2 protein chains.
Amino acid sequence: MIQVVLLGAGNVANHFYKALKESEEVQVVQWYSRQLNKVLGVQNETRITDRLDTLLEADVYIMAVNDDAIHELSSQLPFQNRLVVHTSGSVGIHDLDKKLRRGVFYPLQTFTKDVDISFEKVPICIEALEKEDLVLLKTLAESIRAPHYKINTEQRQTLHVAAVFVNNFANQLYRIAHEITDAKQIPFDILKPLILETAQKIDTLSPYMAQTGPAKRDDKKTIKRHLKLLENNDHKQLYELLTQSIKKTHGRR
Amino acid sequence: MIQVVLLGAGNVANHFYKALKESEEVQVVQWYSRQLNKVLGVQNETRITDRLDTLLEADVYIMAVNDDAIHELSSQLPFQNRLVVHTSGSVGIHDLDKKLRRGVFYPLQTFTKDVDISFEKVPICIEALEKEDLVLLKTLAESIRAPHYKINTEQRQTLHVAAVFVNNFANQLYRIAHEITDAKQIPFDILKPLILETAQKIDTLSPYMAQTGPAKRDDKKTIKRHLKLLENNDHKQLYELLTQSIKKTHGRR
């Protein structure tokens, strides 16, 4: 049984808590939050605290707090030589105070407040300085049925940028499509099956092989007509840059 | 029973053929292709031809051919006053020869060769000049269980642009993420659950509400670090433009 203390009470911490609680191989022995009211709801399930000096002993401390708080919180921990992991995509493993056994347990997924997600769909990027800590983190990931990958800090920071492209930026393209359809009283719902199919397609096909459309074909007539149809200059600029990008990828310029 | 003649033998025509063949309310009475060898495989199931002068009578002729071929092929049809629809997102309904009863039956989806798709996930944009033709096209869509929407030519052309954003452009973002991860020996597979979740999220949340990340938070430190990490100038430029776009959408500039 892996004993866990959870620190932080935001979105990521809440999703971890639910997954850890359901695992039979893990015991959340305590949940810490600076604001106790945020964890009051679970006080019948586990111990809660807002004081670092009351932290219990555990096999691993999971710090799911803001990037900016990681270093300071880790240095305030009233113990040393215990395994403490942060859950950030961009913070280095050495940002954790060196009195600790340090590690990273970064879930590469977008979490929606109040919407449960199965951790089978949450790849965990694992990093640790000691081999036995790496083994423990793997076991921890497996205990919540999450796929896990050994990823060093540089790779993780790179993944974090890549995640911005496929998540925030892709979502902004959906937003732009929403603006474009709204302007012509077209229900955005028509596009949803296409959005889903586009994402599903790359499960079996590389994005390179999956590409279609006017930019890939270098279909100048359609591209010109599309640019004429776009009324918003920001949309036009993005259309041009992404079209160029596709053309370059597929050897069209 | 709706009698259909299918014209064209590309990807879209093939997907339509399979769906129509399976419907109990539709009979594909004939399949025309300029290149007969492309439809030889179904000669035991339906009549095939490569000669327009042998076209049989039908309730509707579905022209699933290249945009550029639509006008000419429609004018070559050796009959008038029958319902002929094209399946293009960008060609106007009036591009069809005016001797015909004209319509549009545009499937808004990305089709992959040799990969079957259920038409329940293929919204059909329907347009017709005559009311009774509209009714027939609705019935036809329902017979293959496709959701359908009455969409005029201007709206359809707008949808076609929006589709480029959510399909070709989103896929190019996946491609860029693939390039970014490959450069650091990171398996692209780690990103797949995030890609899927991002697409699924907007089924219940608007893209505006679903947005997260450094650009939305105007987290200058992370944005700066990401730009520094990106080694490819084209990736940098896209990162900047999409970050600006998100900031504008969420009132951050």
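In this text the structure is predicted, and so the values were computed from the model without any measurement. Chain naming here is simple, since letters A, B, ... match the order of the sequence lines and numbering starts at 1 in each.
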Top residue by heavy-atom pair count (under 4.5 Å) with chain A, among [options]?
{"options": "B/Asn152, B/Val115, B/Asp203", "answer": "B/Asp203"}
{"options": "B/Thr198, B/Leu229, B/Val122, B/Asp219", "answer": "B/Thr198"}
{"options": "B/Ile151, B/Asp189, B/Thr204, B/Ile195", "answer": "B/Ile195"}
{"options": "B/Ser90, B/Pro147, B/Cys125", "answer": "B/Ser90"}
{"options": "B/Leu230, B/Val166, B/Leu205", "answer": "B/Val166"}

So which part of [X] gets closer than 4.5 Å to some heavy atom of chain A, the side chain, the backbone, both or neither?
{"X": "B/Leu108", "result": "both"}
{"X": "B/Thr222", "result": "side chain"}
{"X": "B/Leu173", "result": "both"}
{"X": "B/Pro187", "result": "side chain"}
{"X": "B/Thr249", "result": "side chain"}
{"X": "B/Lys201", "result": "side chain"}
{"X": "B/Val164", "result": "side chain"}

Salt bridge flag under 4.0 Å for residues [X] and [Y]:
{"X": "B/Asp218", "Y": "B/Lys220", "result": "yes"}
{"X": "B/Glu179", "Y": "B/Arg175", "result": "yes"}
{"X": "A/Glu231", "Y": "A/Lys184", "result": "yes"}
{"X": "A/Lys221", "Y": "B/Asp68", "result": "yes"}

| said: Quick one, A/Thr110 and A/Asn168 - any side-chain contact, counting heavy atoms below 4.5 Å? | reply: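 SC-SC contact between A/Thr110 and A/Asn168 ruled out.
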Quick check on the interface: out of [options], who has the most heavy-atom pairs with chain B under 4.5 Å?
{"options": "A/Ile202, A/Thr243, A/Thr181", "value": "A/Ile202"}
{"options": "A/Leu238, A/Val161, A/Ile180", "value": "A/Val161"}
{"options": "A/Ile190, A/Leu241, A/Leu196", "value": "A/Ile190"}
{"options": "A/Glu154, A/Gln237, A/Gln172, A/Gln155", "value": "A/Gln172"}
{"options": "A/Gln200, A/Lys216, A/Glu197, A/Lys121", "value": "A/Glu197"}
{"options": "A/Glu120, A/Gln157, A/His160, A/His178", "value": "A/His160"}

| query | Do the side-chain N and O atoms of A/Tyr239 and A/His226 include a donor-acceptor pair separated by under 3.5 angstrom? | reply |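 A donor-acceptor contact under 3.5 Å links the two side chains.
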| said: Whether the B/Glu142 and B/His148 side chains hold a donor-acceptor pair (N or O, under 3.5 Å, no angle test) is what I'd like checked. | reply: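 Indeed, the side chains of B/Glu142 and B/His148 share at least one donor-acceptor pair under 3.5 Å.
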| task | Mind checking the OG1-CD1 spacing from B/Thr112 to B/Ile117? Nearest 0.5 Å is all I need. | result |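 Taking OG1 in B/Thr112 and CD1 in B/Ile117, the distance rounds to 7.5 Å.
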| field | Rounded distance [0.5 Å steps], CZ in B/Phe119 versus NE2 in B/His15 | value |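 Those atoms lie 7.0 Å apart.
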Contacting moiety of [X], where chain B heavy atoms sit under 4.5 Å:
{"X": "A/Arg156", "result": "neither"}
{"X": "A/Ile176", "result": "side chain"}
{"X": "A/Leu227", "result": "neither"}
{"X": "A/Leu242", "result": "both"}
{"X": "A/Tyr149", "result": "side chain"}

| message | Are there over 12 heavy-atom neighbours, none belonging to A/Lys150, within less than 6.0 Å of that residue's NZ? | response |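 Atom NZ in A/Lys150 is not crowded, with 12 or fewer foreign heavy atoms closer than 6.0 Å.
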| task | Spell out, as yes or no, whether a donor-acceptor pair under 3.5 Å connects the side chain of A/Ser23 to the backbone of A/Leu20. | result |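 Pair absent, no side-chain N/O of A/Ser23 close to backbone of A/Leu20.
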| A/Thr153 side chain to A/Ile93 backbone, donor-acceptor under 3.5 Å |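 Between the backbone of A/Ile93 and the side chain of A/Thr153 there is a qualifying donor-acceptor contact (under 3.5 Å).
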| said: Classify the ring geometry of A/His235 against B/Phe165: parallel below 30°, tilted from 30° to 60°, perpendicular beyond 60°. | reply: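 The arrangement is perpendicular - the two ring planes meet at more than 60°.
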| request: Begin with the C-alpha distance, continue with both residues' side-chain angles, and end with the deciding distance and a verdict on side-chain hydrogen bond (donor to acceptor under 3.5 Å, both in side chains) for B/Ser88 and B/Asp67. | output: CA-CA 6 Å; B/Ser88 161; B/Asp67 288 6; 3.0 Å; yes
